[in-house]
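Structure first, then comments.
For reference, positions follow the sequence shown, starting with 1.
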Amino acid sequence: MSHTPSTSGVKEARKTFFGHPRMLANLFSVELWERFSFYGMQGILLYYMYYSTTDGGLGINEAVAVSLVGAYGGGVYLSTILGAWLADRVFGAERVLFYAAALVMLGHISLAVLPGAVGLGSGLILIALGSGGVKANATSLVGTLYDEKDQRRDAGFSIFYMGINIGALIGPILTGLAWSQYGFHYGFGLAAIGMAIGLVQYGMTRKNLPASAHQVANPLPKQQYTKVGLIAAAAVIVIVLAVVFNLLTAKNLAVVMAILAIVAAVAYFVIILSSKKVSRVERRRVYSFMPLFIASAAFWALFQQQFTVVAMYADTSLDRTIFGWEMPPSWVQSINPVFIIIFAAVFAGVWTKMGDRQPSSPLKFAMGLAVMGLAFLAFIPFSGGAPNSTPLLAMAGILLLFTFAELFLSPIGLSVATKLAPEVFRTQMVALFFLSVSLGTTLAGWLAQFYDPATEVSYFTFSGVTAIILGVALAAATPSIKKLMGGVR
């Protein structure tokens with residue numbers, strides 16, 4: 001079927017959505033449902049792993065469970081490389097987005113209907129592969145809606161971020177209710193329904209995207225298809241053999257994923273910088289992205305502990321009783337999206353009003369790291385208390401700091417990746433940003449193995465102080481980074 005833009009697409013482009021291109025509304029609606037399913041599932045995933053079989057879980061050791069959650073999350077973002085490559089070299093971004101969303105839906109169905117380790121393994125693999133394609137390409141498609149110098153870009157990405165967090169808010173609430181009332185598998189089934197809605201919605205609107213969204217930026221020559229297919233088959237065989245011979249296990253998966261993310265990032269930087277299709281100015285901009293990549297990985301190593309350390313803390317240390325009713329621990333995952341919905345528009349408005357006077361992207365990254373460090377230090381006054389003794393209001397305050405840190409860095413990271421990207425590596429530069437998220441998310445699971453309520457003060461202190469030091473160092477390096485950015489803010 002052809003998806004060449006029609007005249008209706010031209011008319012669509014003339015409409016606006018709060019002063020932004022009309023298709024921004026369609027794209028964040030797709031991501032809304034993807035995030036509904038993704039965070040709805042992830043809100044109950046850790047508990048499904050380590051709760052006993054009598055409570056409907058799998059009875060996995062807690063340390064192994066948090067490591068697996070981190071490795072899975074890292075796999076989601078690592079697979080953005082595959083999704084981005086397929087978009088830039090084979091299918092184009094809008095087609096990859098459609099088929100990747102279908103994989104996500106199948107993954108949730110697997111978790112819902114298949115029992116035990118079979119459902120867990122197949123479900124998480126499908127969701128990780130599909131989510132990677134959705135994330136890289138939805139973000140890249142937002143970038144096609146704006147010219148490079150358009151001052152609305154950062155605000156547009158912040159609005160996009162606000163829209164998808166509506167899904168992140170509702171997902172854990174509804175799947176948490178389904179889990180508490182009927183069991184884990186009903187929660188996973190609800191996530192599958194959400195993704196199905198998003199898939200249908202995108203299928204009905206994809207023709208209205210700009211012409212550039214339908215193009216393959218750097219087509220793979222036909223004669224290389226066989227070679228690529230053989231490489232892919234060899235990779236699958238290597239993974240299978242590693243599992244069969246116990247070289248790849250649940251215990252070491254997080255470390256392996258972190259190494260893969262680092263190797264992939266280094267390889268991608270080398271490929272982009274050595275390409276003859278990249279101009280001198282574009283190459284300098286890629287160099288400027290390197291310290292931002294490192295800062296982003298450090299940030300996500302702390303932020304993504306919402307799904308590991310914070311999830312365990314909510315289960316054991318948080319007072320979740322509201323007027324005599326105990327809320328599911330997964331509901332804590334919806335606190336951050338509430339704040340995102342409230343404050344994303346505020347941040348977007350501030351950046352828009354400030355225009356050229358707003359802080360540069362590297363300085364925003366530095367501020368995000370520092371605030372993230374303060375969020376971890378904020379746990380210390382409540383550490384070492386009795387079970388379920390931390391007030392819910394205190395947790396909300398800590399997650400408010402998480403939110404401010406996220407808004408300084410995450411939507412800005414998506415935006416700056418598209419601004420600094422060489423033309424022929426547009427989607428793959430977005431994938432590089434997601435590689436930093438992959439590395440950080442995997443580290444979040446790995447670090448969580450060292451969390452122990454008996455020594456949590458030292459854990460929170462080390463994490464918080466380290467983040468603040470990194471933020472100060474990045475702020476000091478900002479003038480040098482700006483010179484390399486070649487006029488991009």
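Judged by distance alone, with hydrogens and angles left aside, the side-chain atoms of R283 form a donor-acceptor pair with the main-chain N or O of L273 at under 3.5 Å. Counting only distance, with no hydrogens or angles, the side chain of S274 and the backbone of V270 share a donor-acceptor pair below 3.5 Å. Of the possible donor and acceptor atoms, one in the side chain of T403 sits under 3.5 Å from a partner among the backbone N and O of L399.
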Which side-chain N or O atoms in residues 97-112 pair as donor and acceptor under 3.5 Å with protein atoms at least two apart or in another chain?
{"unit_1": "H108", "atom_1": "NE2", "unit_2": "S37", "atom_2": "OG", "d": "3.4"}
{"unit_1": "S110", "atom_1": "OG", "unit_2": "L106", "atom_2": "O", "d": "3.0"}

Tabulate below the donor-acceptor pairs under 3.5 Å that side-chain atoms of residues 116-133 make, not counting sequence neighbours, or state none.
{"unit_1": "S122", "atom_1": "OG", "unit_2": "V118", "atom_2": "O", "d": "2.7"}
{"unit_1": "S131", "atom_1": "OG", "unit_2": "E34", "atom_2": "OE2", "d": "3.4"}
{"unit_1": "S131", "atom_1": "OG", "unit_2": "I127", "atom_2": "O", "d": "2.9"}

Side-chain donor/acceptor pairs under 3.5 Å, residues 221-243, sequence neighbours excluded:
none

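Taking the side-chain hydrogen bond (donor to acceptor under 3.5 Å, both in side chains) definition, one finds that N61 meets it with nothing, sequence neighbours left out. Under the side-chain hydrogen bond (donor to acceptor under 3.5 Å, both in side chains) criterion, Y451 pairs with E456, sequence neighbours left out. In this structure, F38 has no ring pair (Phe, Tyr, Trp, His ring centres under 6.0 Å) partners at least two apart in sequence or on a different chain. Under the rule for a salt bridge (charged side-chain N to carboxylate O under 4.0 Å, His left out), E62 has no partner lying at least two apart in sequence or in another chain. A search for side-chain hydrogen bond (donor to acceptor under 3.5 Å, both in side chains) contacts involving W300 returns S296, not counting sequence neighbours. Here F365 pairs with nothing under the ring pair (Phe, Tyr, Trp, His ring centres under 6.0 Å) rule; sequence neighbours left out. By the side-chain hydrogen bond (donor to acceptor under 3.5 Å, both in side chains) test, Y47 pairs with no residue at all, sequence neighbours left out.
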Worksheet entry | Audit row: F376, F462, side-chain contact (heavy atoms from CB on, under 4.5 Å) steps and yes/no | CA-CA 9 Å; F376 267 71; F462 174 79; over 6 Å; no
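The stretch residues 187-207 participates, sequence neighbours left out, in these ring-ring contact (aromatic ring centres under 6.0 Å, His included) pairs: Y48-F188. Pairs passing the salt bridge (Lys or Arg N to Asp or Glu O under 4.0 Å) check and including a residue from residues 304-315, sequence neighbours excluded, read D315-R320.
With ring centers used as reference points, F425 lies 6.0 Å or more from W85.
Results of the side-chain contact (heavy atoms from CB on, under 4.5 Å) test with I173 over I170, L169, T175 single out L169 as the only residue that passes.
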